Amino acid sequence: MLKLPFMNIEKKLSEKTIEALQSLYGAAIEKIVFEKTNPDFEGDLTLVVFNFLKISKKKPEETATEIGNFLKINVPEVADFNVIKGFLNIVIADSFWLNYFKSINGKPFINAILPADAPTVMVEYSSPNTNKPLHLGHVRNNLLGYSVSEILKAAGNKVIKTNIVNDRGIHICKSMLAWQKWGNGETPESTGIKGDHLVGKYYVEFDKHYKEEIANLVKQGKTKEDAEKQAPLMQEAQQMLFKWEAADKDTMELWGMMNSWVYKGFESTYKMLGVDFDIIYYESQTYLFGKNIIEVGLAKNILKRRADNSVYIDLTADGLDEKTLLRADGTSVYMTQDLGTAVQRAEEEHFDKLIYTVANEQDYHFKVLFLILSKLGYKWAEGLYHLSYGMVELPEGKMKSREGTVVDADELMQEMIDTAAVTSKELGKATDLSNEDAEKLYRTIGLGALKYFMLKVDPKKKMLFNPAESIDFNGNTAPFIQFNYVRIQALLRKAKDLSGFEFTDSFSSPANLLTKEKELIIKLYSFNTTLNQAAAEYSPALIANYIYDLAKEFSQYYHDVSILKEEQKDLILFRLHLSKTVGSAIKESMQLLGIDVPERM
RNA sequence: GAUUCCAUAGCUCAGCUGGAUAGAGCACAAGUUUUCUAAACUUGCGGUCAUUGGUUCGAAUCCAAUUGGGAUCACCA
């Protein structure tokens, strides 16, 4: 994060306003908040004075004017002010904005070097099952987790990206069993099918046969519930799971082989998505964790044992239910595992915060998890956070892998890239690029569009994924933003050929700023605030909206003002510097979303 | 039944800890290019912020109730 070389202007104004209230009315106010002036009015920052009428004992207009006068005299940056009803609009001098702009010019917005005392934040995301390929819901998860990690990093945290792969359990056995029965020894190599898709194919195959069996049993007069349990296939899968848990050699070999196919497939999906991890955990290695915690909990009398030997915690006093943590047969449940892995991570990584990127279906689970850990007395439990995000829905209805309306992640990405290619060609773009460069460009645009579409909405809200709309490259989209970045790069290239003009690092300030120029600089100025807020709220959407606003403002500026055609060379230089800095802000912000920008398109 | 999240323009979404006449994009209608990349820009159309009540000088925002929608509440993960 960039440290500003001078005091934050809002802070300074707030402090001076407190002084003003003290000296004018003899009242001590602790906190003053300035807000951005409504664009319909003149000014940059606004103070609402209604709250001070009690202490001033004067009319709103009078109070605002008195404070305004005080600020104008005591704060050099305040050029002027105006009062409308109870609103005090402060005009900040152009020189302030120009000085600010000069101070950041040529410097990165995001400081790559972390402070020595940077807090450690673990971000867990992705966490796939190894029985099928990634789908649309995973895409949101991955993009969110990655982006939040980047944002936290940029805001000065040491981030450890982690992924816990759910590589064991009944679902894997289903794929394994179906492959054994109907696979005829197929492999990714023999079929040319991506490993995760091949395994997924057998998961579907299992389901198909399983449903047939259930239907038959129901016909024979069994209830649906019984049929589901008694179907031979399910029994076989259960047996396979027992064998796996007993480390049966053949089962382990099959499991290892099929998982390796899946990992290879995931690897390429992750690569395409542009996400990565620092630590990958496997549930096969962690699923027994947590049992020792049960002992500790029992000893502390926080956990209780039932007559049948199962162990539970009573959370009814906290408005939740009783939660079982150990079955009567002594085996652990999902919650037990999560307790165990959390403790393990706390001990190994000493995190200050641990963020779980998991869909909001599991809100209750995490509420319980965090509560149990804090009851068990782990201090670090305060640093646990569930980054809960809403489901991705399709226009036809809710997306569930079981219901067949899955949008496959690989297919989706390819479709976006293909569409980018088609659209680019239609518009007659990128005609002078080599095939290789063109392919790269289509990827940048297609994937950018997908990522932006998913990240621009508030994570916690459910979102509607309309494939048609996501591929529309007009409006509030990544291609629009990328396009503006490209235009800036084109300007900078052309400037080199401009006769009698040299693009020097230092430039002289224009006599006065155009409205749009000032707005752009203010927008750049607010980058840090936006970044910090996005980090505090774990919301890439705030960054996305910020970039869009910036790009839109630049687009308007570009239309209103000619840059290279300007007669005064000083102004060309200034405008180029402004454009270049806007370009850097766009590029760096887009990187926080995991989105690339092309140099030309 | 309990808990929890959500409800803003025809559609998709912004609107931060309460502030001025509720904003974008899409769609629809009209316009702008001999000029730096038109994937652009401008203008118009479009709202009882689910409903009701409360707090307040002031509510889309806070509180309560109601209605509608989602999710969760297993010795599944």
Side-chain angles (χ1 to χ4, degrees), chain A residues 33 35 37-41 46 48-51 53-54 60 84-87 89 127 129 166 168-171 283 287 306 308 310-312 319-321 323-335 337-338 359-365 367-368 388 390-391 393 395 398 420 423-424 426-429 445 453 456-458 460-466 469-470 472-477 479-484 486-491 493-495 498 529-530 533 536-537 539 541-542 544-545 548-549 552 555-556 558-566 572 575-576 579 600-601:
Chain A
V33 180
E35 48 201 83
T37 301
N38 186 311
D40 295 340
F41 298 90
T46 294
V48 184
V49 301
F50 290 110
N51 290 327
L53 301 186
K54 275 179 197 156
I84 295 165
K85 292 188 282 182
F87 298 89
N89 299 322
S127 309
N129 292 352
N166 185 6
R168 62 161 286 280
I170 190 74
H171 47 287
E283 260 190 39
Y287 81 107
R306 294 198 187 91
D308 67 359
S310 62
V311 176
Y312 73 101
L320 304 170
D321 297 321
K323 177 71 197 173
T324 298
L325 296 174
L326 221 51
R327 298 188 185 99
D329 65 6
T331 55
S332 56
V333 297
Y334 176 44
M335 185 64 76
Q337 281 177 50
D338 265 8
N360 63 10
E361 293 173 311
Q362 299 198 30
D363 284 356
Y364 183 82
H365 172 80
K367 213 171 154 182
V368 172
S388 165
M391 291 278 127
E393 293 176 9
K398 210 187 140 195
T423 311
S424 293
E426 270 172 15
L427 292 168
K429 298 278 177 181
I445 296 172
F453 190 87
K456 75 176 174 186
V457 303
D458 186 344
K460 69 171 186 284
K461 290 193 175 178
K462 67 170 192 265
M463 69 170 293
L464 189 78
F465 184 81
N466 184 331
E469 199 176 310
S470 77
D472 185 356
F473 294 157
N474 288 315
N476 185 357
T477 63
F480 170 79
I481 294 162
Q482 290 169 326
F483 174 66
N484 279 290
V486 163
R487 290 210 286 205
I488 290 168
Q489 304 319 304
L491 279 178
R493 280 195 299 273
K494 291 222 162 141
L498 212 57
T529 314
T530 307
Q533 202 184 341
E537 296 177 20
S539 175
L542 295 177
N545 286 327
Y548 177 63
D549 284 346
K552 196 168 59 170
S555 194
Q556 291 162 349
Y558 182 89
H559 273 267
D560 293 354
V561 177
S562 67
I563 295 170
L564 299 176
K565 298 273 156 60
E566 169 59 43
I572 298 183
R575 289 175 186 173
L576 277 175
S579 304
R600 49 184 88 211
M601 66 193 275

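All of these numbers come straight from a predicted model, not from anything done at the bench. Letters go in sequence order (proteins before strands), and every chain restarts at 1.
- You won't find any donor-acceptor pair under 3.5 Å spanning the side chain of Thr324(A) and the base of A74(B), going by distance alone.
- Atom P of G70(B) sits at a distance of 33 Å from the matching atom of A24(B), rounded to the whole Å.
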Would Asp321(A) and Tyr364(A) count as a side-chain contact (heavy atoms from CB on, under 4.5 Å) if you check the C-alpha gap in whole Å, the side-chain angles of each, and the deciding distance to 0.1 Å?
CA-CA 10 Å; Asp321(A) 297 321; Tyr364(A) 183 82; 3.5 Å; yes
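- The two residues Leu542(A) and Thr530(A) have their closest heavy-atom pair at O-CG2, 3.7 Å.
- Listed nucleotides U37(B), U3(B), A39(B) differ in distance to Arg600(A); the shortest reach to its side chain belongs to U37(B).
- Residues satisfying the ring pair (Phe, Tyr, Trp, His ring centres under 6.0 Å) criterion with Tyr287(A), sequence neighbours excluded, are Trp244(A).
- Listed nucleotides: U37(B), A20(B), A71(B). Nearest to the side chain of Thr46(A): A20(B).
- Among residues two or more places apart in sequence or in another chain, the salt bridge (Lys or Arg N to Asp or Glu O under 4.0 Å) test is passed with Arg168(A) by Glu245(A).
- Nucleic acid contact for Met601(A): base, since at least one base atom lies under 4.0 Å from a heavy atom of the residue.
- Toward the 5' end of RNA chain B, the nearer of the two residues Ile563(A) and Pro479(A), judged by each one's closest nucleotide, is Ile563(A).
- Among the protein residues, Tyr334(A) comes within range of the nucleic acid bases, having at least one heavy atom under 4.0 Å from a base atom.
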As a quick check of understanding, evaluate side-chain contact (heavy atoms from CB on, under 4.5 Å) for Ser332(A) and Leu325(A), giving each step before the final call.
CA-CA 6 Å; Ser332(A) 56; Leu325(A) 296 174; over 6 Å; no
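- Going from atom NZ of Lys462(A) over to atom C1' of C11(B) covers 14 Å, rounded to whole Å.
- Distance, Met463(A) CE to A7(B) C1': 18 Å, rounded to whole Å.
- Residue Thr331(A) is out of contact with every strand shown, counting any heavy-atom pair closer than 4.0 Å.
- Spacing of P atoms, U32(B) relative to C13(B), comes out at 35 Å, to the nearest Å.
- For Lys494(A), there are no salt bridge (Lys or Arg N to Asp or Glu O under 4.0 Å) partners two or more places apart in sequence or in a different chain.
- Within the 4.0 angstrom heavy-atom criterion, no nucleotide atom of any strand lies near Gln482(A).
- With hydrogens and angles left out, the side chain of Lys429(A) and the base of U37(B) share a donor-acceptor pair within 3.5 Å.
- By the salt bridge (Lys or Arg N to Asp or Glu O under 4.0 Å) test, Glu566(A) is found to be paired with Arg575(A), residues two or more places apart in sequence or in another chain being considered.
- Using a 4.0 Å heavy-atom distance criterion, Val333(A) is classed as a sugar-phosphate-only contact.
- Nucleic acid contact class of Leu53(A) (heavy atoms, under 4.0 Å, all strands): none.
- OP1 or OP2 of U42(B) sits under 4.0 Å from a side-chain N or O of Gln556(A).
- An aromatic stack links Phe50(A) and the base of G19(B), using centre distance under 5.5 Å and interplanar angle under 30°.
- Nearer the 5' end of RNA chain B, as judged by each residue's closest nucleotide, is the contact made by Lys85(A), out of Lys85(A) and Arg168(A).
- For His171(A), the ring pair (Phe, Tyr, Trp, His ring centres under 6.0 Å) test picks out no residue, with sequence neighbours left out.
- Between the CD atom of Gln362(A) and the C1' atom of U72(B) there is a distance of 10 Å, given to the nearest Å.
- Under the rule for a salt bridge (Lys or Arg N to Asp or Glu O under 4.0 Å), Asp363(A) has no partner lying at least two apart in sequence or in another chain.
- By the side chain to side chain donor-acceptor pair (under 3.5 Å) test, Ser562(A) is found to be paired with no residue, residues two or more places apart in sequence or in another chain being considered.
- Between the C1' atoms of G19(B) and U55(B), the separation comes to 16 Å (whole Å).
- G15(B) and U8(B) have their C1' atoms separated by 9 Å, with the value rounded to a whole Å.
- Taking 4.0 angstrom as the limit, Arg327(A) places a side-chain polar atom (N or O) nearer than this to OP1 or OP2 of C76(B).
- Remark: the Ser579(A) side chain and the Arg487(A) side chain contain no N/O donor-acceptor pair separated by less than 3.5 Å.
- Contact annotation for Arg306(A): base contact, defined as any heavy-atom pair under 4.0 Å involving a base atom.
- When the P atom is used for both A59(B) and G54(B), the distance is 12 Å, rounded to whole Å.
- Taking only side-chain atoms of Thr423(A), from C-beta outward, the nucleotide of A39(B), A20(B), C6(B) with the closest atom is A39(B).
- Taking the side chain as every heavy atom from C-beta outward, Val48(A) and Val33(A) never approach each other to under 4.5 Å.
- Here the side chain of Phe87(A) is nearest to one of U37(B), A20(B), A39(B), namely A20(B).
- One C1' atom belongs to A60(B), the other to A22(B), and the distance between them is 7 Å to the nearest Å.
- Partners of Phe480(A) according to the ring pair (Phe, Tyr, Trp, His ring centres under 6.0 Å) rule, which considers only residues two or more places apart in sequence or in another chain, are Tyr548(A).
- Residue ring and base: Phe41(A) counts as stacked with A20(B) (centre distance below 5.5 Å, interplanar angle below 30°).
- A gap of 16 Å separates the C1' atoms of U12(B) and G47(B), to the nearest Å.
- No N or O donor and acceptor, one from the side chain of Asp338(A) and one from the base of A77(B), sit under 3.5 Å apart.
- Rounded to a whole Å, the CD1 atom of Ile488(A) is 16 Å from the P atom of C36(B).
- Rounding to whole angstrom units, CD of residue Glu426(A) and P of U37(B) are separated by 22 Å.
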The dot-bracket string of RNA chain B, counting Watson-Crick and G-U wobble pairs with both distances under 3.5 Å, using [ ] for crossing pairs and | for pairs to another strand, is (((((((..((((.....[...)))).(((((.......))))).....(((((..]....))))))))))))....
Could you list all N or O pairs between the protein and nucleotides 14-18 of chain B that sit under 3.5 Å apart?
residue, atom, partner, partner atom, Å
A14(B), OP1, Asp458(A), N, 2.8
A14(B), OP2, Lys461(A), NZ, 3.1
C16(B), O2, Gln533(A), NE2, 3.3

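- With P as the reference atom, G1(B) and A20(B) are 40 Å apart, rounded to whole Å.
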Would Leu491(A) and Tyr558(A) satisfy side-chain contact (heavy atoms from CB on, under 4.5 Å), going step by step from the backbone distance to the final call?
CA-CA 10 Å; Leu491(A) 279 178; Tyr558(A) 182 89; 4.2 Å; yes
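- No hydrogens or angles were tested; on distance alone, nothing pairs the side chain of Ser555(A) with the base of C41(B) as donor and acceptor under 3.5 Å.
- Using a 4.0 Å heavy-atom distance criterion, Val49(A) is classed as making no nucleic acid contact.
- Applying the ring pair (Phe, Tyr, Trp, His ring centres under 6.0 Å) rule to Tyr334(A) yields the partners His365(A); only residues at least two apart in sequence or on another chain are considered.
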Readout for nucleotides 23-35 of chain B: B = base within 4.0 Å of protein heavy atom, S = sugar-phosphate only, - = neither; 5' to 3' it is -SSS--------S
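- The nucleotide whose nearest atom lies closest to any side-chain atom of Arg493(A) is, among C75(B), C36(B), U37(B), U37(B).
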